[in-house]
Number of protein chains: 2
Amino acid sequence: MLPSLDEKLDPRVKRTRGLILQSFENLLAEKNFESISVQDITDKAQINRATFYAHFQDKYTLLDYSINQMFMQEIDKRTLNICTYNTDNLRNLILVVCEFLARLHTDCVQPHNQFESFVETTVKKQVFDLLSYWLRNSKISTELPATVATSAIYGLASHYSHRKKRPALDRFVDEALPLVAINLEQFA
Amino acid sequence: MLPSLDEKLDPRVKRTRGLILQSFENLLAEKNFESISVQDITDKAQINRATFYAHFQDKYTLLDYSINQMFMQEIDKRTLNICTYNTDNLRNLILVVCEFLARLHTDCVQPHNQFESFVETTVKKQVFDLLSYWLRNSKISTELPATVATSAIYGLASHYSHRKKRPALDRFVDEALPLVAINLEQFA
DNA sequence: CAACGTATGTTGTTTATGCGACAACTGTAT
DNA sequence: ATACAGTTGTCGCATAAACAACATACGTTG
């Protein structure tokens, strides 16, 4: 099982991180990432600015953590982190990525900037790790197939999420699925 | 102006008290006061049980504080704490007490018990103090008129809040107003 | 250029909270 | 009666968070 982390740590830490996360995500809905200051975050979270630095190096580290958390939560919700490869799970994964990017685009004020590419890096890493985990029992190397599939999934999801008028997600995924599955069928 | 307290104190204290208050009020909606343990409160508030005792002597102190806070909030909302006596303000005060008791009866699971009389004491004290404040410039003693008016207001509001089928509040207050105002008109 | 306002990280100290343990009391069941 | 389980209020100690102050950097404005 992939490391989804709900470790037992000091409740104060949990609470503070939660407050920071929530504050940050709310702020992302109001202004774009660049214009958010650490002070903004801590004000809304009702914590001291110095405390922020006890948990995150800077707001970039927070963004990374935040994206990871949000995405992992969606993965967990569908228990995709405790399964193995098959077409059905792959379909769900594509669905999750599409939904995730779509939500990010509708919820966050984000003109083009580093935000986009940041999300790409973070999400791709998670998708790649998940695929690698699914294929963990393969006798042959899974690196290239997983890489290709990851790029394909992200590319399709990004495409989907940028559509002015998004088509029905289910139909979109139906079309997308075989294009991704083709390189993974050998592992089914 | 009466002491409505939003003092500057440690943000941790504010947060903790807020969590306790909220947890407590939510619990009141689920079970009756007697069956709520301190552990219940701190569990839901996500704070340590010992921390509770750093803020309140026991759950009775908390109840007192909670009722006071809730009621004062309603008073503040209508700026009744920064005005002087006139019929209009009196009308609003009666309205507030009626609404407050009514909300308490619909929101809280409360069969007959000490809860009821506890609320009475607390609310009456606030009403009395407020009336005394309104009449602060009177040359003659306001103690008896304020006492009578306080009892009348609470009695009417309690009556209203216990009705199975409550009549329209505005109409009720219209009827009630003159009965209370009669002893205060000399101060208008 | 200089003066200014604002945001960033960092530090040392103080304070609030978490934690585990304890004795005392309650009600309940055996 | 005795044992048991649960709640209460309190304690000392460990640790996270608040706070104020500081140096640094950056952009703006005069």
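Side-chain atoms are counted along with the backbone in the values below, which use heavy atoms only and exclude waters and symmetry mates. Lettering follows sequence order; numbering is per chain, from 1.
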Letter per nucleotide, 5' to 3', of nucleotides 12-28 of chain D [B base touched, S only sugar-phosphate touched, - untouched; heavy atoms, 4.0 Å]: ---BBBSB---------
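In this structure, A:T142 contributes its side chain and A:S138 its backbone to no donor-acceptor pair below 3.5 Å.
Salt bridge absent: A:D10 and A:K14 never bring a charged side-chain N and a carboxylate O closer than 4.0 Å. A salt bridge between B:E99 and B:R78 is present, with a side-chain N of the basic residue lying under 4.0 Å from a carboxylate O of the acidic one.
Scored by the salt bridge (Lys or Arg N to Asp or Glu O under 4.0 Å) test, A:K59 finds no partners at all (sequence neighbours excluded).
Among the candidates A:N86, A:D129, A:L80, the single residue satisfying the side chain to side chain contact (heavy atoms under 4.5 Å, CB included) test with A:W134 is A:L80.
With no hydrogens or angles considered, no side-chain donor-acceptor pair links B:D88 and B:N92 at under 3.5 Å. Using a 3.5 Å distance cut-off with no hydrogens or angles, the side chains of A:N32 and A:S35 do pair a donor with an acceptor.
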I'd like a table of donor-acceptor pairs (distance under 3.5 Å, sequence neighbours excluded) in which one partner is a side-chain atom from residues 36-44 of chain A, with atom names and distances.
{"from": "A:S37", "atom 1": "OG", "to": "A:Q39", "atom 2": "N", "distance (Å)": "3.4"}
{"from": "A:S37", "atom 1": "OG", "to": "A:D40", "atom 2": "N", "distance (Å)": "3.0"}
{"from": "A:S37", "atom 1": "OG", "to": "A:D40", "atom 2": "OD1", "distance (Å)": "3.4"}
{"from": "A:S37", "atom 1": "OG", "to": "A:D40", "atom 2": "OD2", "distance (Å)": "3.2"}
{"from": "A:Q39", "atom 1": "NE2", "to": "A:D43", "atom 2": "OD1", "distance (Å)": "3.1"}
{"from": "A:D40", "atom 1": "OD2", "to": "A:K31", "atom 2": "NZ", "distance (Å)": "3.2"}
{"from": "A:D40", "atom 1": "OD2", "to": "A:S37", "atom 2": "N", "distance (Å)": "3.1"}
{"from": "A:T42", "atom 1": "OG1", "to": "A:V38", "atom 2": "O", "distance (Å)": "3.2"}
{"from": "A:T42", "atom 1": "OG1", "to": "A:Q39", "atom 2": "O", "distance (Å)": "3.1"}
{"from": "A:K44", "atom 1": "NZ", "to": "A:E30", "atom 2": "OE2", "distance (Å)": "2.6"}

Under 3.5 Å, side-chain donor or acceptor atoms of residues 167-188 of chain A against the rest of the protein: list the pairs with distances, not counting sequence neighbours.
{"from": "A:D174", "atom 1": "OD1", "to": "A:R91", "atom 2": "NE", "distance (Å)": "3.3"}
{"from": "A:D174", "atom 1": "OD1", "to": "A:R91", "atom 2": "NH2", "distance (Å)": "2.7"}
{"from": "A:Q186", "atom 1": "NE2", "to": "A:N183", "atom 2": "O", "distance (Å)": "3.4"}

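For the pair B:Q39 CD and D:dT8 P, the interatomic distance rounds to 8 Å; values are reported in whole Å. Remark: P of D:dG9 and OH of B:Y53 are 4 Å apart, rounded to the nearest angstrom.
For the helix from C:dC1-D:dG30 to C:dT30-D:dA1, the terminal axes (five pairs an end, C1' atoms, rotation from four pairs onto the next four) enclose an angle of 20°, given to 10 degrees.
For DNA chain C, the contact window with chain A, defined by any atom under 4.0 Å from a protein heavy atom, covers C:dA7 to C:dC19 in 5' to 3' order.
Looking at heavy atoms from C-beta onward, A:L19 lies out of side-chain contact with A:S23 at the 4.5 angstrom threshold.
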